[in-house]
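Everything on this sheet refers to the single structure shown next.
In each ligand, atom 1 is the first atom listed, and ligand 1 is the first ligand listed.
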Amino acid sequence: MSDTATGFDIREVFDLSGQTAVVTGGNQGIGRALCFALGQAGATVVIAARNAERNASVVAELEAAGHVARAITLDVTDYQSWQDGIAAIDAPIDILVNNAGICYHEPALDVAPARFADVMDLNVTGLWYGCQQVGAQMIDRGKGSIVNVGSMSGMIVNRPQMQPAYNASKAAVHHLTRSLAAEWAPYGVRVNAIAPGYVRTEMSPIDRPEFKRYWLDDAPMQRAAEPAELGPAVVYLSSRASGFVTGEVLTLDGGYTLF
Ligand code: NDP
């Protein structure tokens, strides 16, 4: 019920019932946690990643938890794969979470051309394909929300590990987010990003002793995030609760970038 003072019900504006949300890389780590959050908010969740077996296993977990979920096998770096994937979904996409990403720890002079290209292909070009193809559909419908997964690495230089390609790719994600947000706002399509700090996943081995001093001890909260802690922010950016928010890069880093 809406409140006469505000004109809305605070629980309703976060509700994603009846909406379809596609999460790239939704079969593990942060993406998996975001699927659960979006499912809990009522969305039908579509996992889009390459490993069909892992996709199916997370779909089964989501269904066991009472959520509506399915998966498409999709390589985000392949333009045709996006076209086929979107056709297979065969329903309007209300929410796109571009989460798939990769990071190599390598000092600049050791980065082989193919490794630099790998990072850019997945983190930037693949994300761009998704924004462009799903964005076209959203523009036609006059509504939609895209949430890109950037990183605090798009703002700071991590240490002790060097990862120049990754850092550049995430800065690109943030500015692509702002560029599309400005261009598509008149069409009712919002584009935002989250910029997480260290999160306990396969990509970030936070328990390794060589990283503890820089990744954890140096952080204001002296800990990394668990993947589930990112979910509510993505539900917020996906939902009507953030209806006047676009082009935002929301930092979720426990204060890491403050120092
Ligand atoms: P993981 O390595 O745990 O998971 C990566 C996911 O991406 C997998 O589901 C993988 O599935 C998918 N993926 C990889 N390549 C492709 C592809 N070509 N097409 C489709 N899907 C692909 O990563 P995290 O969960 O740690 O990271 C998720 C996102 O969060 C990334 O963008 C990362 O940069 C960002 N991030 C992570 C942080 C962290 O500390 N962990 C911090 C800040 C940002 P499959 O192999 O089946 O395709």
Side-chain angles (χ1 to χ4, degrees), residues 22-37 45-59 61 71-82 84-86 96-105 115 117-131 133 147-158 161 163 165-174 176-177 193-208 211 214-216 219 223-231 233-234 249-254 256-257:
V22 174
V23 181
T24 70
N27 64 21
Q28 67 178 51
I30 291 171
R32 175 181 169 281
L34 300 183
C35 288
F36 273 89
V45 176
V46 183
I47 294 174
R50 296 166 305 174
N51 186 318
E53 216 170 288
R54 278 208 318 269
N55 289 352
S57 140
V58 177
V59 166
E61 285 183 83
I72 51 171
T73 308
L74 183 139
D75 179 345
V76 303
T77 66
D78 179 343
Y79 192 82
Q80 183 64 45
S81 183
W82 270 108
D84 297 343
I86 291 168
L96 170 65
V97 181
N98 282 306
N99 159 79
I102 195 172
C103 178
Y104 299 123
H105 294 175
R115 297 272 270 191
D118 267 3
V119 174
M120 291 298 163
D121 278 355
L122 178 53
N123 296 7
V124 184
T125 310
L127 177 141
W128 161 251
Y129 289 159
C131 287
Q133 293 194 37
V147 182
N148 293 324
V149 178
S151 170
M152 70 173 179
S153 305
M155 305 162 181
I156 55 137
V157 175
N158 303 66
Q161 81 285 7
Q163 44 184 53
Y166 181 82
N167 297 349
S169 76
K170 292 298 183 177
V173 167
H174 296 173
L176 187 54
T177 298
I194 58 167
Y198 290 110
V199 185
R200 185 196 300 273
T201 68
E202 215 170 86
M203 179 185 285
S204 287
I206 57 161
D207 295 319
R208 292 226 313 245
F211 297 134
Y214 295 99
W215 290 13
L216 305 183
R223 69 173 181 90
E226 297 301 325
E229 293 185 85
L230 307 185
V234 169
V249 178
L250 184 56
T251 306
L252 305 171
D253 68 348
Y256 195 95
T257 53

Shortest non-hydrogen contact between Cys131 and Asn98, atoms and distance: SG-ND2, 3.5 Å
Option set Thr77, Leu74, Thr24, criterion heavy-atom distance to atom 20 (C) of ligand 1, minimum: Leu74
Expected output: side-chain His174 to main-chain Ser151 donor-acceptor under 3.5 Å: yes
Ligand 1 to Val199 polar contact by distance, N or O atoms, under 3.5 Å: yes
Heavy atom of the protein closest to atom 19 (N) of ligand 1 (residue, atom name, distance): Val76 N, 2.9 Å
Shortest heavy-atom approach to atom 31 (C) of ligand 1 - which of Asp121, Asn99, Ile47: Asn99
Atom 21 (N) of ligand 1 [closest protein heavy-atom partner, distance rounded to 0.1 Å]: Ala100 CB, 3.6 Å
Residue part near ligand 1, for Arg32, under 4.0 Å between non-hydrogen atoms: neither
Ile102 N/O to ligand 1 N/O under 3.5 Å: no
Short side-chain donor-acceptor distance under 3.5 Å, Asp118 and Tyr104: yes
Enumerated ligand 1 atoms positioned under 4.0 Å from heavy atoms of Gly197: 40 (O), 42 (C), 43 (C)
Protein residue, atom and distance nearest to atom 18 (N) of ligand 1, heavy-atom basis: Asp75 OD1, 2.8 Å
Identity of the nearest option to atom 11 (O) of ligand 1, non-hydrogen atoms only, from Gln28, Arg50, Arg54: Arg54
Polar side-chain atom of Asn99 near backbone of Thr24 as donor-acceptor pair, under 3.5 Å: yes
Sub-4.0 Å atoms of ligand 1 with respect to non-hydrogen atoms of Gly101: 5 (C), 7 (O), 31 (C), 32 (O)
Stepwise side chain to side chain contact (heavy atoms under 4.5 Å, CB included) test for Met155 and Thr251: CA-CA 10 Å; Met155 305 162 181; Thr251 306; 3.4 Å; yes
Atoms of ligand 1, numbered as shown, that sit under 4.0 Å from any heavy atom of Leu122: 14 (C), 15 (N), 16 (C), 17 (C), 18 (N)
Among Tyr166, Tyr214, Tyr198, the one residue meeting side chain to side chain donor-acceptor pair (under 3.5 Å) with Asn158: Tyr198
Ligand 1 contact by Gly150, heavy-atom criterion under 4.0 angstrom: yes
Aromatic centroids of Tyr129 and Trp82 separated by under 6.0 Å: no
Any N or O of Asn27 closer than 3.5 Å to N or O of ligand 1: yes
Ligand-side contact atoms (ligand 1) for residue partner Ser204, heavy atom cut-off under 4.0 Å: 39 (C), 40 (O), 41 (N)
Heavy atom of the protein closest to atom 24 (P) of ligand 1 (residue, atom name, distance): Thr201 OG1, 3.7 Å
Distance-minimising heavy-atom pair for Leu230 and Leu252: CD2-CD1, 3.8 Å
Sub-4.0 Å heavy-atom approach of Met152 to ligand 1: no
Ala48 N/O under 3.5 Å from ligand 1 N/O: no
Contacting atoms of ligand 1, where contact means under 4.0 angstrom from a heavy atom of Val149: 29 (C), 30 (O), 35 (C)
Heavy-atom closest pair, residues Ile47 and Cys35: CG1-SG, 3.8 Å
side-chain contact (heavy atoms from CB on, under 4.5 Å) partner of Trp215, the single match among Arg208, Gln161, Arg223: Gln161
Check against side chain to side chain contact (heavy atoms under 4.5 Å, CB included), Thr77 and Thr125: CA-CA 7 Å; Thr77 66; Thr125 310; over 6 Å; no
For atom 12 (C) of ligand 1, the protein heavy atom that lies nearest, with its residue and separation: Gly25 CA, 3.6 Å
Shortest non-hydrogen contact between Asn123 and Ser169, atoms and distance: ND2-OG, 3.1 Å
CD (Glu202) with more than 12 external heavy atoms under 6.0 Å: no
Closest to atom 34 (O) of ligand 1 among Tyr166, Tyr198, Trp215 (heavy-atom distance): Tyr166
Backbone or side-chain N or O of Ile30 under 3.5 Å from ligand 1 N or O: yes
